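Below is one structure, written out as structure tokens; the observations come after it.
Letters A, B, ... are given to chains in the order of the sequence lines, protein chains preceding strands, and every chain is numbered from 1. Being a predicted model, the structure only gives us computed values, none of them experimental. As a basis for the values below, the full set of heavy atoms in this structure was taken, side chains included, without hydrogen atoms, waters or symmetry mates.
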Protein chains: 2
Amino acid sequence: MAPTARRPSMADVADRAGVSYQTVSRVLNEPEIVRPATRSRVLEAITELGYTRNRAARALKTTRSSLIGMLNDGSALFGPTETTTAIETAARRAGYSVLLTTVGAEDSAGHAVGAELLGSGADGILVVAAHEGMVPAVTAVARSTPVVVVSAVPPRTPGIQVVGVDQGLGAHLVVEHLARTGARSVVHTAGPQDWFDARARREGFEQAIALHGLDGEVVGPGDWTPRTGYDLTNALVRDGLPDAIFAANDMMAMGVLHALHEHRLRIPEDVAVVGFDNTLGAEYQVPSLTTVAQPFAELGRLALERLLCLLEERELPPGTPSTLPPRLVVRRSTRPERTH
Amino acid sequence: MAPTARRPSMADVADRAGVSYQTVSRVLNEPEIVRPATRSRVLEAITELGYTRNRAARALKTTRSSLIGMLNDGSALFGPTETTTAIETAARRAGYSVLLTTVGAEDSAGHAVGAELLGSGADGILVVAAHEGMVPAVTAVARSTPVVVVSAVPPRTPGIQVVGVDQGLGAHLVVEHLARTGARSVVHTAGPQDWFDARARREGFEQAIALHGLDGEVVGPGDWTPRTGYDLTNALVRDGLPDAIFAANDMMAMGVLHALHEHRLRIPEDVAVVGFDNTLGAEYQVPSLTTVAQPFAELGRLALERLLCLLEERELPPGTPSTLPPRLVVRRSTRPERTH
DNA sequence: GTCCCGAATGCTAACGTTCACATGCTCGTG
DNA sequence: CACGAGCATGTGAACGTTAGCATTCGGGAC
């Protein structure tokens, strides 16, 4: 915290190196066109003064902020957080910084947030936890700024690009595994239906149930938290248990397991349980949880790549997927598949 | 994505409202000094054109970016994520945006990140997940930018302010509770010792053990993940179990529980288990986990408040704490305290 | 020795905003 | 009715950078 010693500017560097500030600019932007001797003199002056380019001036002149706005959900969910980290790392590598914005429950309108995003001057927007609450903010912004949404569902607003994990496939994998391990009746404790991923999982579940001719039921919706998994399961215990419960995510599965334990039911013998996400703790549930692993980090990188192509008007490399497949991770909360 | 229709500027708004651009500026910055009639005319023009202030130009002229840099750990941990969200919400309310930077394992040097932060032009820096890896980046930045660290430990760099939860107190509460419920021997499965909070918990544990005359031992360190809690517990089962295990966080406690279950040990009868953090899932462990709740959101708000005071050269309201007390949450993984 | 060409560098203006100051207007007062 | 006080608004300059054009310099060819 120096006593307001103005940060050095290009002019300062130029003075020290005995060149004009334009040359300094060139060293930074197109190093190859300045003579090696001058260049190294300038670079030396830069390090001596600890000079860094003034981001604001640069942004003002170029009309590009090198900022990427990220719209996140306020709840500290596992998947979005992983994705966020991956995005930030990739963005930094590409010379962008990430502006974090959360849409909490309180400002559900989202309009204010949309205005905020617009005013932030971000070159592009990445929506990480896609649910209905984001829609007004996103549509407001999408008119003037490229937007990429991480979601299982194609958007209703044209011009918005989407990258997602195939939630339907995930649900299919789960149901198929349950069918193969002898389940006849399956209950899906659904996630909050204003989340696009939750909706896609439920729809995938319903399709897969029909496909395998099983006895399926959807209960809920829950809210991603263990509590709702717990409550829904208690209701099931009262009203009659299925062979298997497919929870909308690992958190809810946690509540499911807890309720079953309280009623001294055996897992998977009495009821099999499956989650979704493969959170850090899934393997260490009691018993360890069969679940669907999503490539969250890969997803983040892919979303960013897509956005950068939009920003820099590059073509997306051919063969770049917009949908990533999830992977079933079989553990001890479901019966083993027979291998013959 | 309009076809590069330049965003409207103050001059455009001024033309439309029939005033000079300076008046527009005034309406935005000091609305009270402009005549109500003119003001509403300007505001109308603003909404009609969808004008938002150009952040870069503003930053350039005022030499303040309205940006707060946040330094986060790359791992998607529960506490830091909660704190992050609270900070972002509070920052937005105060007219600041949050620039997210993560220090991953790969760029452990942190120097690059420090330079990055400096170049970002943030008015102030908030360090959320404080560990040794952050130190070089932070000390580099602290010379020219106010820094507030969320940490249990006073920093070695002078001029850096600190806000934290009293980890030592948390450990004391745990040990006291264990002592009162009949434990004589306690093992602490420590967290990664390059994290300041983990270190403070361990030291608090050692002090409290001495205070209560218990038989204490520290094993580990772990790495916050369930796996290390699991591995350390397996080793304990081999070498002799204590009456209670105090895990460095809830994640590690999860691994502890899992290992104990595998060995068919009863919790809390054979071994009591305590975690730290009170994550969303703690209540739904089997059995539900006794743990220490930290006021993560409050912590975030407090850290931001402190930083804003530094930035705006306000005095911190008298009585504002720099350390927040944690709270013991007793559940079923420890024996009940006798009440007489 | 002169000319020309290209490479290297310098100068001017502009991005959109705010600050400091200048100016015009309105109103109360002598 | 003229004057000054004070409020409302306008004007010029500057923040640090980059784009475009102008200038300088060195060297090769005639």
Using whole Å, what does the distance between atom P of nucleotide C:dC11 and atom OH of A:Tyr21 come to?
8 Å
I'd like to know if B:Arg314 and B:Glu305 make a salt bridge, using a cut-off of under 4.0 Å between side-chain N and carboxylate O.
yes
Tell me the interatomic distance from B:Asn54, atom CG, to C:dA14, atom P, rounded to whole angstroms.
18 Å
Of D:dA8, C:dA8, C:dG16, the nucleotide closest to the side chain of B:Arg35 is D:dA8
Please state whether the phosphate of C:dA8, meaning OP1 or OP2, lies under 4.0 angstrom from any side-chain nitrogen or oxygen of A:Arg39.
no
Taking NZ from B:Lys61 and C1' from C:dA14, how many angstroms apart are they, rounded to a whole number?
15 Å
For the pair made of OH in A:Tyr51 and P in D:dG16, what is the distance, rounded to whole Å?
10 Å
Quick one: which of C:dT9, D:dT17, C:dT17 gets closest to the side chain of A:Ala57?
D:dT17
side-chain contact (heavy atoms from CB on, under 4.5 Å) assessment of A:Arg92 paired with B:Thr102:
CA-CA 9 Å; A:Arg92 182 145 40 91; B:Thr102 57; 3.8 Å; yes
From CG of A:Asp15 over to P of D:dG16, roughly how many Å is that when rounded to an integer?
13 Å
Categorize A:Arg26 for me: base, sugar-phosphate, or nothing, with a 4.0 angstrom heavy-atom threshold over every strand shown.
base
Nearest-Å distance for atom pair CD/C1', residues A:Glu30 and C:dA8:
12 Å
Between D:dC15 and B:Thr62, is there an OP1 or OP2 to side-chain N/O distance shorter than 4.0 Å?
no
Answer with yes or no whether the side chains of B:Arg55 and A:Ser120 bring together a donor and an acceptor at under 3.5 Å.
no
Within less than 4.0 Å of OP1 or OP2 of C:dT18, is there a side-chain N or O belonging to B:Arg58?
yes
Hey, is the side chain of B:Asn29 poking within less than 4.0 Å of OP1 or OP2 on C:dT18, counting only N and O atoms?
yes
Look at all strands and tell whether B:Ser20 reaches a base, only sugar-phosphate, or nothing, counting heavy atoms closer than 4.0 Å.
base
A:Met70 CE to A:Thr101 OG1 distance, which is reported to the nearest 0.5 Å
8.5 Å
Under 4.0 Å between a Lys/Arg side-chain N and an Asp/Glu carboxylate O for A:Arg41 and A:Glu44?
no
If the cut-off is 4.0 Å, is A:Ser25 near the phosphate of D:dT18, judged by side-chain N/O to OP1 or OP2?
yes
Report the distance from atom CD1 of A:Ile33 to atom P of C:dA7, rounded to the nearest whole Å.
11 Å
Measure from the side-chain heavy atoms of B:Val34 and tell me the nearest of D:dT9, C:dG16, D:dG10.
D:dT9
So what does A:Thr63 touch, heavy atoms closer than 4.0 Å: a base, only the sugar-phosphate, or nothing?
nothing
Separation of D:dA19 atom P from A:Met10 atom CE, nearest Å, is 10 Å
Side-chain donor/acceptor contact of B:Gln22 with base of D:dT11 under 3.5 Å:
yes
